[in-house]
Enquirer: 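Structure in structure tokens, see below.
Excluded from the calculations below are hydrogen atoms, water molecules and symmetry mates; all remaining heavy atoms, backbone and side chain alike, are included.
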Amino acid sequence: MLVNANLVMEDQLMKALELQKKEGGRLGSSLVKLEYITEERLVSFLSKQYGIPAINLNDYQIDEGVVRLIPPEVAQKYQIMPVARVGANLTIAMVDPSNVFAIDDIKFMTGYNVEPVVASESAIMEAIATHYDRSDALQSVIDSLQGTDTEIMDYIQEENDEVDFSELKQQVEDAPVVKLVNLILAEAINRGASDIHVEPYEKKYRVRYRVDGVMYDFMQPPIKLKAALSSRLKIMAELDIAERRLPQDGRIKLKIGNKAIDLRVSTLPTLFGEKIVMRILDKSNLQLDLTKLGFEEKALNDFREAIESPFGMVLVTGPTGSGKTTSLYSALSTVNKVDVNIMTAEDPVEYNLDGINQVHMHEEIGLTFAAALRSFLRQDPDIIMVGEIRDFETAEIAVKAALTGHLVLSTLHTNDAPSTVSRLLNMGIEPFLVASSVILILAQRLARKICTQCIEQEQVPEQALLKIGFTKEEAASVKVMKGKGCSNCSDTGYKGRIALYEVMPLKEEMKDLVLEGASAGELKKTAIRLGMTTLRRAGLNKVKEGVTSIEEVMRVTFGD
């Protein structure tokens, strides 16, 4: 067939057959080995010949759960690699898709319908080595450490997914990488960091923490420890240490005394190595009391009234890291009663809430926000929380749910409450549907609080106070405070954060404006006239209370 397709010559075929007789293996492998045809052309030819798709395994992030469906000896024997599973269908990458014995064997063994795809022999063998036998890759990491780190092996083989932090701190005194990782994690937790960034550059390697929303340099480890340190973190997060070309996501669970700390780990291949970011999720720090989040009295009453509605949509907006998840969890916690069925679709589930049905999204297998929402509507829900409305499909189903007797809570990425309406319209939702379904929009930011141990008064010219939004009366009487900087706040002047809220209920007058296609500016003016406190105004109120500084309000809000 290859000769007829003019892909190889007759004499080349004969030489390949001779090599096959001597060394065994497949004819295609012999042709590739003799460089008479490339693997890509061979795979493309087989794909057309058998009428099945060809794939490049390097572009696939294979789920370990799928890999476990087929034993390593079977994968080696038939030169196959399980790629994905959707419902009752299992996709298998094969060197020889005409091998019906292999397909029947896998069907019998797994109970799934087998959908073969073609891949190159070298790619399949590399995938088998990567996913079924990591011992060589693991050993190379262990050898690169200065000292014997047997605890790494113990860590992976341990069935229990929680590691006691006090034991972790005492591991292998003579293994510098283990000690370094322990130091980085312990110090981040002690400082109250929300994120740890481990970043490789051409001539340096640095670790930064995000504390109270702002990044700080922590240390610059020796650049020669780059591979070992990233591998150690990946092992702890149960990620594939051999895969350095694709992003990966995992989790590390730690215990400090009785406190459980969850680290969400994300790796990203950059120009000079893998950047690793760890989001620290400390459930003990999760504030679920609405009254302690920083709401103004009227805003809190409006928000409470909205989340206690029998149906409709409540939207929380703001950039990443602005505390939207905490606000939604607080709202859910407030309405979480035994007579209510609450379901959430999250990506990922950050905190486990008792009495609430939480679903983790897996887009790679088709479990998207839209798919989850459709299923939720068949699960007799009262309240639905959607992690984020990203597209028209999700927005459409959420709106329909809100109109058919369900309370829907969700988030959007917009700058303020009024512009959220424009965002929904831009997504393709009709104005009458927005007006009928949305009952309240909440925009928020997180501002750093002044450290209580080094707080002092700051002299600010009255003109400057007027310029940022204070009235003449306020500018004449307000006492502006700032943090001087001390050991308690690591000389930053700030310790902890407080939320600033802009709460916009959609009452009749606002709904009419939406139906008329009013701009975000017109909606904002009307909302302010009806009593809405803007983000900037909420920040200025916190300055008046001595909670935060003018610089911080200017950093996180924009002028009205």
Enquirer: Any idea which heavy atoms bring Val553 and Leu540 closest together, and the distance?
Expert: CG1-N, 4.3 Å

Enquirer: Once side-chain hydrogen bond (donor to acceptor under 3.5 Å, both in side chains) is applied, do any residues pair with Arg279, and if so which ones, sequence neighbours excluded?
Expert: Asp195

Enquirer: With a cut-off of 3.5 Å and sequence neighbours excluded, list every side-chain donor-acceptor pair involving residues 261-276.
Expert:
{"residue": "Asp262", "atom": "OD2", "partner": "Arg251", "partner atom": "NH1", "Å": "2.8"}
{"residue": "Arg264", "atom": "NH1", "partner": "Glu350", "partner atom": "OE2", "Å": "3.1"}
{"residue": "Thr267", "atom": "OG1", "partner": "Gln248", "partner atom": "N", "Å": "3.1"}
{"residue": "Thr270", "atom": "OG1", "partner": "Gly273", "partner atom": "O", "Å": "2.5"}
{"residue": "Glu274", "atom": "OE1", "partner": "Lys234", "partner atom": "NZ", "Å": "2.9"}
{"residue": "Glu274", "atom": "OE2", "partner": "Lys234", "partner atom": "NZ", "Å": "3.1"}
{"residue": "Lys275", "atom": "NZ", "partner": "His197", "partner atom": "ND1", "Å": "3.2"}
{"residue": "Lys275", "atom": "NZ", "partner": "Glu199", "partner atom": "OE2", "Å": "2.8"}

Enquirer: So does Met215 have more than 12 non-hydrogen atoms from other groups sitting under 6.0 Å from CE?
Expert: yes

Enquirer: With Glu388, which residues qualify under salt bridge (Lys or Arg N to Asp or Glu O under 4.0 Å), at least two apart?
Expert: Arg390

Enquirer: Donor-acceptor pair, Asp212 side chain versus Gly496 backbone, under 3.5 Å?
Expert: yes

Enquirer: Using a 3.5 Å distance criterion without hydrogens, assess whether the side chain of Gln444 forms a donor-acceptor pair with backbone atoms of Gly323.
Expert: yes

Enquirer: Are Tyr351 and Thr325 close enough that a side-chain donor and a side-chain acceptor fall under 3.5 Å?
Expert: no

Enquirer: Could you verify whether a donor N or O on one side chain and an acceptor N or O on the other, from Tyr216 and Arg208, lie under 3.5 Å apart?
Expert: no

Enquirer: Heavy-atom count around Glu456 CD within 6.0 Å, excluding the residue itself: above 12?
Expert: yes

Enquirer: Using modelled atom types only, decide if a donor and an acceptor are shared between the side chain of Glu243 and the backbone of Arg245 within a distance under 3.5 Å.
Expert: yes

Enquirer: Between the side chain of Lys495 and the main-chain N/O of Thr452, is any donor-acceptor distance below 3.5 Å?
Expert: no

Enquirer: Please list, chain by chain and in numerical order, all residues satisfying salt bridge (Lys or Arg N to Asp or Glu O under 4.0 Å) with Arg304, sequence neighbours excluded.
Expert: none

Enquirer: Return the set of residues passing salt bridge (Lys or Arg N to Asp or Glu O under 4.0 Å) with Arg445 (not counting sequence neighbours), or none when no residue passes.
Expert: none

Enquirer: Please enumerate all residues that pass ring-ring contact (aromatic ring centres under 6.0 Å, His included) together with Phe218, with sequence neighbours excluded.
Expert: Tyr209

